[in-house]
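Here is the structure we will look at, set down as structure tokens.
In each ligand, atom 1 is the first atom listed, and ligand 1 is the first ligand listed.
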Amino acid sequence: MSRPVPNPGILDIAPYTPGKSPVAEPGRKVFKLSANETPFGPSPHAIAAYKGAADHLEDYPEGTSRVLREAIGRAYGLDPDRIICGAGSDEILNLLAHTYLSPGDEAIATTYGFLVYPIATMANGAKLVIAEEKDFTCDVDAILAKVSPNTKLVWLANPNNPTGTYVPFDEVKRLRANLPEHVILVLDGAYADYVSKNDYESGIELVSTTDNTVVTRTFSKIHGLAALRIGWMFGPAAIVDAMNRIRGPFNTSVPAQLAAVAAIEDTAHVEMSRSFTEQWRGWLTEEFTKLGLTVTPSVCNFVLIHFPTRKGKTAADADAFLTKRGLVLRALNNYGLPDALRMTIGTEEANRLVVDAVADFMAQK
Ligand SMILES: *Cc1c(COP(=O)(O)O)cnc(C)c1O
């Protein structure tokens with residue numbers, strides 16, 4: 001008897017285990033601070049655009065997301081023909097892997113790289129090679145040391161999730177300059193809008209000046225449209241052309257396209273969210289540090305909090321304690337970070353409640 005056999009690599013992928021539905025003590029309000037969603041929601045203009053689309057749900061979308069590519073082009077001064085939109089940047093990352101990776105190929109990611117990278121790599125039969133991070137930060141030399149004749153692609157979230165750290169633009173340029181020309185450098189800028197550092201750039205300039213670098217961005221984070229699944233990539237014309245050949249002809253929906261256009265044009269909403277996040281990121285980092293915990297310096301809308309390994313004080317213990325109070329953070333066992341929790345920066349109320357709860361947790365016998 002023979003039965004259907006999945007393609008090489010597919011069964012090497014660990015099955016996705018969704019987070020448990022947390023149960024808080026009765027009477028506790030639940031704050032979900034586990035998925036890096038914005039506490040502000042999208043721009044009101046984006047919600048209005050989404051509702052407006054309801055009048056014409058019988059129509060197929062324009063297949064190339066043209067209105068959105070043009071809006072992105074205006075916002076960033078880019079050629080819309082070199083932009084491709086996807087159902088979240090997840091789809092873009094998978095399209096990249098599907099277009100450029102096959103069995104025998106290698107893709108490089110860093111120790112605590114985003115979980116989509118192994119999936120997209122192995123789904124195409126390629127091998128994921130890990131470059132060690134230093135202090136929870138990408139180490140360009142470690143990536144370069146892993147390059148082999150089979151390397152086709154490098155995945156780099158800058159800044160990275162779940163660590164929150166970033167690579168200065170000089171280092172990104174040095175990485176690009178020392179990678180072979182046939183290797184695609186994927187700069188995943190999902191959190192780029194949150195970074196306020198003079199030595200950071202998402203890499204759009206690098207895309208314009210090389211044939212082998214792409215930048216992906218998303219509307220799921222600062223724009224607050226995660227439910228609609230919409231993201232984009234800016235890349236060299238030849239890469240965009242190749243990906244467009246396998247992209248589903250109607251891969252983004254009309255409501256998503258229109259809401260995203262309104263979101264990108266509401267720069268005041270983005271700026272409000274960015275400055276709020278910066279303020280509370282600093283405050284949270286300070287407060288957790290005062291409580292004796294180590295916080296990895298973050299430039300994102302989340303912080304990585306490291307807990308002791310002492311019995312009763314571990315990240316798992318803290319997670320259980322916080323969950324009872326309705327404060328849902330992200331345990332990171334599947335990222336190989338069992339000693340840490342990732343907290344998405346929430347409303348002032350949520351942030352203060354977490355600090356109070358962690359103080360109680362650390363103080364308890
Ligand atoms: C959230 C996130 C994304 C965005 O995913 P979408 O599919 O656009 O929602 C991409 N990369 C990283 C590292 C992320 O954390």
Side-chain angles (χ1 to χ4, degrees), residues 16 18-19 32-39 41-42 46 65 68 72 83-98 107-121 123 128 133 136-138 153-167 172 185-195 200 202-203 214-235 243 247-248 251-253 255-257 259-260 263-264 273 277 296 298-304 329-330 332 334-337 342-345:
Y16 181 74
K32 186 176 170 220
L33 306 169
S34 56
N36 297 343
E37 294 148 343
T38 170
S65 307
L68 178 54
I72 296 166
I83 295 169
I84 178 172
C85 297
S89 44
D90 276 7
E91 187 192 17
I92 305 273
L93 300 172
N94 278 287
L95 277 175
L96 273 164
H98 201 32
I108 301 175
T110 63
T111 321
Y112 305 112
F114 187 43
L115 275 186
V116 169
Y117 308 152
I119 297 173
T121 302
L128 189 76
E133 295 183 16
F136 302 101
T137 308
C138 160
L153 195 149
V154 173
W155 302 112
L156 180 62
N158 196 28
N160 186 45
N161 170 25
T163 54
T165 57
Y166 77 104
V167 186
V172 175
L185 175 60
V186 181
L187 298 171
D188 177 345
Y191 300 94
D193 301 286
Y194 287 108
V195 188
Y200 173 82
S202 71
V214 302
V215 168
T216 62
R217 303 286 290 257
T218 183
F219 285 93
S220 300
K221 303 287 157 59
I222 207 162
H223 295 294
L225 295 174
L228 291 183
R229 314 305 307 126
I230 186 93
W232 56 280
M233 183 193 95
F234 177 58
M243 290 166 69
R247 176 178 63 74
N251 66 325
T252 69
S253 70
Q257 289 178 21
I264 207 164
S273 176
T277 304
T296 300
S298 169
V299 294
C300 298
N301 67 332
F302 56 85
V303 287
L304 184 67
L329 277 60
R330 178 78 144 86
L332 298 166
N334 56 345
Y335 273 97
L337 284 167
R342 188 191 67 196
M343 174 192 171
T344 306
I345 295 163

Tell me yes or no: between the side chains of Ser65 and Thr252, is some donor less than 3.5 Å from an acceptor? yes
Does Arg247 have any salt bridge (charged side-chain N to carboxylate O under 4.0 Å, His left out) partners at least two apart in sequence or in another chain, and if so, which? none
Those protein residues which place at least one heavy atom below 4.0 Å from ligand 1: Gly88, Ser89, Asp90, Phe114, Asn161, Asp188, Ala190, Tyr191, Thr218, Ser220, Lys221, Arg229
Arg342 versus Asn161, side-chain donor and acceptor atoms under 3.5 Å: yes
Quick check against the 3.5 Å criterion: does Tyr166 have a side-chain atom that pairs as donor or acceptor with the backbone of Val299? no
Looking at Arg217 and Asp193, is there a salt bridge between them, counting it only when a charged N and a carboxylate O are closer than 4.0 Å? yes
Output for pair (Glu133 CD, Tyr112 OH), nearest 0.5 Å, gives 7.0 Å
